[in-house]
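Predicted model, so just to flag it, every value in this text is computed and none were measured. Along the sequence shown, residues are numbered consecutively beginning with 1.
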Amino acid sequence: MDIHEALGFRCDDYLKIQEINPSGRKFTLFKQCGQLKTTRIARGNRLLITLTSNHDKLTSKGFQLTLKVLKVGTTLTTRTTSTQSTTTKTKTTASTVKTTGKNTSSEISRTTPDDQVYYSLTTDCFVATGRTSVAFRARANNDLHIALGSVDSVTSGTHYEFIIGGWANTRSEIRFQIDSGTCVSYSGSVFSQTYFDEFWISWIGNYIRFGTGSNPGSNVLMSCYHSTPYAVNFIWIKTGWGSSGEWRFSNDVACKHVTNSYVSITTDDTSCNGTSSYTCNSGYKKVAGNTQRTCGFGGILSGYPLVCSVSTCKIDIVLIVEASAYTSSIHSALMAAIGDLAGSLQISTSNILAGVITYDDIVDLNIDLNDYYSASSLDSSITSIPISNAASTVNLAEALRVGFYDFFTLSKGNRFTAFRHFVVIAKTYSSQTGATVADQIRMNLRNQLFTVGISPSASLITDLKAIAGDDSRHFEVSSPDDLYTKFNNIFQKIAVCPDITIEPMTVECELDIVFIVERYNLRYTKRFLAELMDNITISSTGIKVGMVLFDSGASTVFRLNSHTSSESVRDDIEKISETNHTDHLVDKGLIEARDNVFTAARGDRTDASNYYVIIVGPFESYPEAVAKDIRSSGSNYIFSIHIGNQYQTEYQKAVDTCGDYTKYTNVDSYENLINIKNDILQKITSCESVNISIPVESGTNNTRAEDVESGTNNTRAEDGTYHCQYQIIIKWSISLLGL
């Protein structure tokens, strides 16, 4: 196969081969580009071969493909099953079974014709992978041949070949390749030619051996030393030269179920080529894996174990993948593996959505959450992601920032009630570590982080574990291919909703809140406000929210009666264009909020407290006079969120003239705004009214004081100065006793 790899566009041209089983499900056998020869084994179902080219502007494009399909030879045998006669009882001893070849349920039976053609044992799910020896029984006149291959082919790969009883049952050999390269030979007959004879072969370390009997290592007839031993994965058998053959192998090929939590087995058939079915328990739904799995060679079930999560679970996933000079050689294979990972998720608007970010020293947002709503389309798109820059420096911290600040927006497909899962896949340690950003992301319980290290260094492992926050959320693989072995463990983390209940904050009073925000560094301010909306419930009897932007002037973004849900508020916030202005006149914003937002026509409620929430950076501005006017009338309160350490006094006086600065909050940088989210949330959702019980002496009138409101009120005297008073408003409830 020769499929073009253009510089900077690795595997945008690729070959994909899928097998389609009778139920219509597709299983990927191969997906790659470049120059190579390879062998893949199918199970006799239909094959879907896809040639994809995504870059029409390339002057050198297209495919050179030589595809050779080898159908494994059909044997003359059937699988052995145990039978029991109801009319005749026959006692059969173990020695009788061994010599006559009587089938047992614990054996695989094969017959090879007199045709000198090799047949693979993969059709019976019997392979050499994971073994170092095979004991078997066989009956023939001469020439039993066995080939041990690195791949499931007799025309490619490396092979050891055993000739057993060749040359009319007078000579046996072990060879380094098929039909040549003799390593060692044995002279003498080995077949009884009437009964089944017991043999064994082994490949341990540098030695390949053959002997008789049922115990590998005993009665050695041939031993071959090989200084550079081959990989041994597959077994082929043949007979010829005037003899057919009957073979018996141990039937130890049954698969084992791998069942995750909340999964039940509905059809149990783990025999070779048997299909088992699985289903999610009541109250749970499929989020990844397969509901049907077929037992194949090597005791391996097709597909991946079914993964289930609570039926109400929704997860939005961002895959943050390194695409640097250090991953350029594995980029094609890595994106293919990640594509298959995402393609095994249950992608839909009611279940899981996923997108991709790649990074080196710059960050590329490749796939949004709402780009694909089918797993196969997402798989194909991820596989085709190019490595655009391949820089030798990486910035993992910025990749996480892009995921947090820019990726998870409602307009890009993030669902308001979904958990947001960040999955980092990295190979190279970055001096711009991601642990600090991850800690900020994790402040919202909807945000969960997971990491995968590809042959990671010790430094990278430390950073990835810190990002994940829990060692059980961190995985390590040696290569992209090794990622497949971790799929089930990864699915159980990234595709399952955490056992967390998120309760939006409720208030026992009515609050009208207007955010008064400078038009500067809005990337951070918008995310800060959007995160607040995950915890604030908008309602006509609780909290209502408006917003004003200011620079040299001010304008209303939305009014108190513009939105009836927190989701729509967040959407409006996220859509604000991120432009920076040089003027920062806070008083203009306060006036805009007072005159054009806190009005009855725009949703202001007469019985609600009015909260003015200023967000401003380290810039000179003097809002004190306007702020005092606002505070001096009605139930108006001003909160100040001040970024930086300059002009603190001005913004402290905006919230209170008399030194009560509890409504003033300072943070050192815009990026660290998110660190004070919970503190601000507590402040702006606290009711200013308090209840105080005052005992009253009994008399002719039974008088009780209740519902006492208290707070600091700054009143202005005729000379223009302000006086600090502690105001207590007592509402009396009087019940006159009848005389």
Side-chain angles (χ1 to χ4, degrees), residues 404-405 440 443-444 505 511-536 543 545-551 554 556-558 566 569-570 572-574 576 578 580-581 583-594 597-598 609-624 626-628 630-631 636-657 659-686 688:
F404 183 50
Y405 291 103
Q440 294 177 328
M443 290 183 69
N444 188 331
M505 188 171 291
L511 298 176
D512 290 341
I513 303 173
V514 175
F515 294 104
I516 303 162
V517 182
E518 65 178 345
R519 197 180 286 276
Y520 187 81
N521 264 348
L522 283 168
R523 181 195 196 197
Y524 300 103
T525 309
K526 285 165 55 178
R527 185 75 255 161
F528 170 71
L529 294 174
E531 291 284 302
L532 286 180
M533 289 303 107
D534 278 343
N535 297 98
I536 293 176
I543 297 175
V545 173
M547 185 173 180
V548 166
L549 285 175
F550 66 87
D551 40 59
T556 299
V557 180
F558 52 86
S566 303
V569 171
R570 179 184 150 193
D572 235 358
I573 291 170
E574 290 174 344
I576 297 171
E578 297 178 9
N580 287 339
H581 289 242
D583 293 311
H584 309 269
L585 303 183
V586 180
D587 55 338
K588 299 290 187 181
L590 288 169
I591 292 170
E592 174 70 15
R594 180 191 65 191
V597 183
F598 283 115
S609 296
N610 295 338
Y611 285 6
Y612 294 70
V613 183
I614 303 168
I615 302 178
V616 64
F619 304 106
E620 186 176 11
S621 185
Y622 298 95
E624 182 181 1
V626 175
K628 286 177 178 177
I630 290 173
R631 294 199 317 268
N636 297 326
Y637 303 91
I638 296 179
F639 298 80
S640 179
I641 301 170
H642 179 212
I643 301 113
N645 55 13
Q646 294 177 287
Y647 308 107
Q648 292 184 356
T649 302
E650 286 80 356
Y651 300 112
Q652 288 173 339
K653 289 182 178 179
V655 303
D656 191 87
T657 307
D660 179 8
Y661 301 143
T662 55
K663 294 181 177 63
Y664 170 85
T665 306
N666 179 256
V667 63
D668 61 349
S669 67
Y670 285 89
E671 188 175 343
N672 287 335
L673 263 175
I674 202 70
N675 293 343
I676 62 170
K677 185 197 78 170
N678 292 334
D679 181 36
I680 297 301
L681 188 65
Q682 186 66 40
K683 288 182 178 181
I684 67 173
T685 57
S686 296
E688 282 298 315

Student: Under 3.5 Å, is there a donor on one side chain and an acceptor on the other for His581 and Tyr520?
Tutor: no
Student: Does the pair Lys588 and Glu592 meet the rule for a salt bridge (Lys or Arg N to Asp or Glu O under 4.0 Å), with working shown?
Tutor: CA-CA 6 Å; Lys588 299 290 187 181; Glu592 174 70 15; over 6 Å; no
Student: I'd like to know if the side chain of Ser640 pairs up with that of Gln652 as donor and acceptor (distance under 3.5 Å, no hydrogens or angles considered).
Tutor: no
Student: Are Lys683 and Lys663 side-chain neighbours, meaning at least one heavy-atom pair lies under 4.5 Å?
Tutor: no
Student: Do Val616 and Ile643 pass the side-chain contact (heavy atoms from CB on, under 4.5 Å) test, and can you show the C-alpha distance, the side-chain angles, and the key distance before you say yes or no?
Tutor: CA-CA 6 Å; Val616 64; Ile643 301 113; over 6 Å; no
Student: For the residue pair Lys677 and Phe528, what are the closest heavy atoms and their distance?
Tutor: CA-CE1, 3.7 Å
Student: Rounded to the nearest 0.5 Å, what separation is found between the CG atom of Asn666 and the CD1 atom of Ile641?
Tutor: 11.0 Å
Student: Below 4.5 Å, heavy atoms only, C-beta onward: do His642 and Ile615 meet side chain to side chain?
Tutor: no
Student: Closest heavy-atom contact between Met533 and Phe515?
Tutor: CE-CE1, 4.2 Å
Student: Determine whether Ile638 and Ile614 satisfy the following criterion, side-chain contact (heavy atoms from CB on, under 4.5 Å), listing intermediate values before the conclusion.
Tutor: CA-CA 8 Å; Ile638 296 179; Ile614 303 168; 3.8 Å; yes
Student: Go through the steps for Val517 and Leu522 under the test side-chain contact (heavy atoms from CB on, under 4.5 Å), then give the verdict.
Tutor: CA-CA 9 Å; Val517 182; Leu522 283 168; 4.0 Å; yes
Student: May I ask you to check whether Asn672 and Gln440 show a side-chain donor-acceptor distance below 3.5 Å?
Tutor: yes
Student: For the residue pair Tyr670 and Tyr524, does the interplanar ring angle fall in the parallel (under 30°), tilted (30 to 60°) or perpendicular (over 60°) class?
Tutor: tilted
Student: Could you check whether any side-chain heavy atom of Asp572 comes within less than 4.5 Å of a side-chain heavy atom of Met547, counting everything from C-beta outward?
Tutor: no
Student: If we only count heavy atoms from C-beta on, is the Asn675 to Val667 side-chain gap below 4.5 Å?
Tutor: no
Student: Rounded to the nearest 0.5 Å, what separation is found between the OG atom of Ser669 and the CG atom of Asn645?
Tutor: 11.0 Å
Student: Would a distance-only check, ignoring hydrogens and angles, find a side-chain to backbone donor-acceptor pair under 3.5 Å from Ser566 to Ile536?
Tutor: yes
Student: Identify the heavy atoms of Glu574 and Ala530 that sit nearest to each other, and give their distance.
Tutor: OE2-CB, 4.0 Å
Student: Just how far is it from atom CG of Asn444 to atom CG of Asn535, taken to the nearest 0.5 Å?
Tutor: 6.0 Å
Student: Does any non-hydrogen side-chain atom of Ile543 lie less than 4.5 Å from one of Ile513?
Tutor: yes
Student: Does the pair Ile676 and Leu673 meet the rule for a side-chain contact (heavy atoms from CB on, under 4.5 Å), with working shown?
Tutor: CA-CA 6 Å; Ile676 62 170; Leu673 263 175; 4.2 Å; yes
Student: Tell me whether Lys526 is salt-bridged to Glu578, with the criterion being a basic N under 4.0 Å from an acidic carboxylate O.
Tutor: yes
Student: When you compare the side chain of Ile674 with that of Phe404, does any pair of heavy atoms fall below 4.5 Å?
Tutor: yes
Student: Is the backbone N or O of Gly617 less than 3.5 Å from a side-chain atom of Glu518, with the two atoms forming a donor-acceptor pair by type?
Tutor: yes
Student: Taking all heavy atoms of Leu681 and all of Thr685, pick out the closest pair and write down the distance.
Tutor: O-OG1, 2.5 Å
Student: For the residue pair Tyr664 and Lys653, establish whether any side-chain heavy-atom pair is separated by less than 4.5 Å.
Tutor: no
Student: In Å, rounded to the nearest 0.5 Å, how long is the span from CD1 of Ile516 to OG1 of Thr556?
Tutor: 10.0 Å
Student: Could you check whether the rings of Phe598 and Tyr612 sit parallel, tilted or perpendicular, using 30° and 60° as the cut-offs?
Tutor: tilted
Student: If I take atom OH from residue Tyr622 and atom OH from residue Tyr647, how far apart are they, to the nearest 0.5 angstrom?
Tutor: 6.5 Å
Student: Under 4.0 Å between a Lys/Arg side-chain N and an Asp/Glu carboxylate O for Lys628 and Glu624?
Tutor: yes
Student: Please check if the side chain of Asn636 supplies one atom and the backbone of Ser609 the other of a donor-acceptor pair under 3.5 Å.
Tutor: no
Student: How long is the span from the CG atom in Leu511 to the CD1 atom in Ile684, to the nearest 0.5 Å?
Tutor: 9.0 Å
Student: Determine the minimum heavy-atom distance between Leu590 and Pro623, stating which atoms define it.
Tutor: CD1-CB, 3.9 Å
Student: Measure from NZ or CZ of Arg631 to the centre of the six-membered ring of Tyr637 and say whether it is under 6.0 Å with the direction within 45° of the ring axis.
Tutor: no
Student: For His584 and Phe550, which heavy atoms make the closest approach, and how far apart are they?
Tutor: C-CE1, 3.8 Å
